[in-house]
Amino acid sequence: MTGLHLTVLGSATPYASVDNPCSGYLISSGDTRLWADAGSGTLAQLQRYARLDEVDAIWISHLHADHSADLLTAYYAALYADLRLAAPIPLYGPPGIAERLAHYLTNGPRRSPVESAFAVHELHDGHQARVGALTLTSAAVAHGIPAFAVRVEADGRSLVYSGDTAPCASLTRLAEGCDALLCEAESDRAPAGDEQVHHTPEDTGDTATAARAARLIVTHVGRSLTPAQAVARASARFAGPVDYAAPGAAFEIPLSPEGR
């Protein structure tokens with residue numbers, strides 16, 4: 001199946017709920033599969049669509065547990081279970097990701113061989129990679145720790161995933177003219193006097209509008225909001241179609257607004 005496709009593995013924050021794992025997405029084009037963010041519970045949902053050894057790469061926005069914790073169980077699956085990797089799985093993530101994994105996984109005098117499971121590539125602002133049919137461009141965003149958004153392109157289509165971030169110019173530039181913006185809306189309101197590290201729903205709509213995105217998909221909705229509230233508030237600031245990244249939802253990313 002050509003084109004560009006998004007399947008939501010989970011979108012909960014900051015911990016998984018009964019029916020919604022934390023942040024994780026399967027992005028595919030043809031036979032290429034990218035696991036974007038590996039929050040708690042997403043490895044289980046990934047297996048509805050592909051085995052871990054069928055994933056072409058993993059991309060991690062930042063190292064908060066609700067976006068990366070399932071890398072720990074993926075490590076055991078890759079090396080010590082019923083899977084046989086032809087080669088370590090390419091893993092794109094923030095600087096220091098390999099040592100963070102190794103620190104947690106090492107239980108003796110010998111460092112756990114995380115590189116046997118993952119071929120680690122550290123992200124930087126402007127990082128580009130080719131994963132099968134997909135082209136990935138990452139940009140540093142504003143989350144108070146090293147964090148990245150990604151633009152995924154294939155077959156003339158484009159999807160931008162914000163990761164976790166406050167509104168920032170780098171995300172708007174990355175999302176310029178994209179067919180779909182998958183953007184977090186964690187905060188009910190911007191903090192008074194503290195650093196902002198997340199979008200409100202209104203911010204999400206504003207970012208989509210400023211970037212001239214064709215479509216907005218709201219995700220990572222905070223516990224003080226309902227998905228319906230987040231969609232309604234984002235829609236008040238963005239004139240295009242607005243959807244919610246419900247667990248299990250699947251989206252075909254169009255070539256243009258007319259192609260929906």
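Note that these values count all heavy atoms, side chains included, but never hydrogens, waters or copies made by symmetry.
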_Rounded at 0.5 Å granularity, tell me how far CG in L6 sits from OG in S29._
12.5 Å
_If hydrophobic clusters are built by linking Ile, Leu, Val, Met, Phe, Trp and Tyr wherever their side-chain heavy atoms come under 4.5 Å apart, do L182 and L225 end up in the same one?_
no
*Supply the atom-to-atom distance T226 OG1 to Y244 OH, rounded to the nearest 0.5 angstrom.*
9.5 Å
*Taking the side chain as C-beta and beyond, is there a heavy-atom pair between L9 and W35 under 4.5 Å?*
yes
*With no hydrogens and no angle check, is any side-chain donor or acceptor of D179 less than 3.5 Å from a backbone partner on L159?*
no
*Side chain proximity check, R215 to F251, heavy atoms < 4.5 angstrom*: yes
*Are V120 and F148 grouped together when hydrophobic residues (ILVMFWY) are joined by side-chain heavy atoms under 4.5 angstrom apart?*
no
*CG of D53 to CG of L85: how many Å apart, nearest 0.5 Å?*
6.5 Å
*Could you tell me the separation between the CG atom of D56 and the CG atom of L134, rounded to the nearest 0.5 Å?*
8.0 Å
_I need the I97 CD1 to H62 NE2 distance, nearest 0.5 Å._
11.5 Å
*Would the number of heavy atoms belonging to other residues, nucleotides or ligands and lying under 6.0 Å from NE2 of H103 be above 12?*
no
*Do you know which two heavy atoms are closest between L216 and A234, and how far apart they sit?*
CD2-CB, 4.0 Å
*Would you name the heavy atoms of C168 and A142 that are closest together and state the gap between them?*
SG-N, 3.9 Å
*Measure across Y104 and N107 and return the closest heavy-atom pair with its distance rounded to 0.1 Å.*
O-OD1, 4.5 Å
*What's the shortest heavy-atom distance between A175 and L181, and which atoms?*
CB-CD1, 4.1 Å
*asked:* Between E176 and R173 (salt bridge meaning N to carboxylate O under 4.0 Å), is one present in this structure?
replied: no
*Only one of E202, R237, H199, E184 forms a side-chain hydrogen bond (donor to acceptor under 3.5 Å, both in side chains) with T207, so which one is it?*
H199
*So do L105 and Y75 actually touch side chain to side chain, heavy atoms under 4.5 Å?*
yes
*Do S116 and L79 come within less than 4.5 Å of each other through their side chains, counting heavy atoms only?*
yes
*Tell me yes or no: between the side chains of D203 and T200, is some donor less than 3.5 Å from an acceptor?*
yes
*Hey, do the aromatic rings of H143 and H198 have their centres closer than 6.0 Å?*
yes
*Spell out, as yes or no, whether a donor-acceptor pair under 3.5 Å connects the side chain of T172 to the backbone of A210.*
no
*Donor-acceptor contact below 3.5 Å, side chain S187 vs main chain A190*: no
_Within one Ile-Leu-Val-Met-Phe-Trp-Tyr cluster: V218 and I253, side-chain cutoff 4.5 Å_ = no
*asked:* Regarding T135 and R130, do their side chains bring together a donor and an acceptor under 3.5 Å, going by distance alone?
replied: yes
*Is V152 reachable from L91 through a run of I, L, V, M, F, W or Y residues, each pair having side-chain heavy atoms under 4.5 Å apart?*
no
_Donor-acceptor pair, distance only, cut-off 3.5 Å: does the side chain of T32 make one with the backbone of S28?_
no
_Exam field: side chain D70 to backbone A38, donor-acceptor pair closer than 3.5 Å_ = no
*So which heavy atom on D125 is nearest to which on A139, and how close?*
OD1-CA, 3.4 Å
*So, do H127 and H121 have ring centers that fall under 6.0 Å from each other?*
no
*Answer with yes or no whether the side chains of Q229 and D188 bring together a donor and an acceptor at under 3.5 Å.*
no
*Do L123 and W59 come close enough that some side-chain heavy atom pair is under 4.5 Å?*
yes
*Taking atom types as modelled and ignoring hydrogens, do the side chains of D164 and H64 form a donor-acceptor contact shorter than 3.5 angstrom?*
no
*Provide the closest heavy-atom pair for S138 versus V150 in the form atom of the first, atom of the second, distance.*
OG-CG2, 3.9 Å
*Please answer whether the main-chain N or O of S11 pairs with a side-chain N or O of T219 as donor and acceptor at a distance below 3.5 Å.*
no
*State the OG1-CZ distance between T137 and R151, to the nearest 0.5 angstrom.*
8.0 Å
*asked:* Testing L71, L34, D37 one by one against I58 for a side-chain contact (heavy atoms from CB on, under 4.5 Å), which residue passes?
replied: L71
*Ignoring hydrogens and angles, tell me if any N or O in the side chain of Q47 forms a donor-acceptor pair with the backbone of L43 under 3.5 Å.*
yes
*Regarding R223 and the six-membered ring of Y15, is the cationic atom NZ or CZ under 6.0 Å from the ring centre and inside 45° of its axis?*
yes
*Check whether any side-chain heavy atom of F238 sits under 4.5 Å from a side-chain heavy atom of P201, and report yes or no.*
no
*Is a donor on one side and an acceptor on the other found under 3.5 Å between the side chain of E54 and the backbone of R51?*
yes
*Tell me, with the steps shown, if T13 and V221 meet side-chain contact (heavy atoms from CB on, under 4.5 Å).*
CA-CA 7 Å; T13 174; V221 174; over 6 Å; no
_Transitive ILVMFWY side-chain link V131 to Y49, under 4.5 Å_ = no
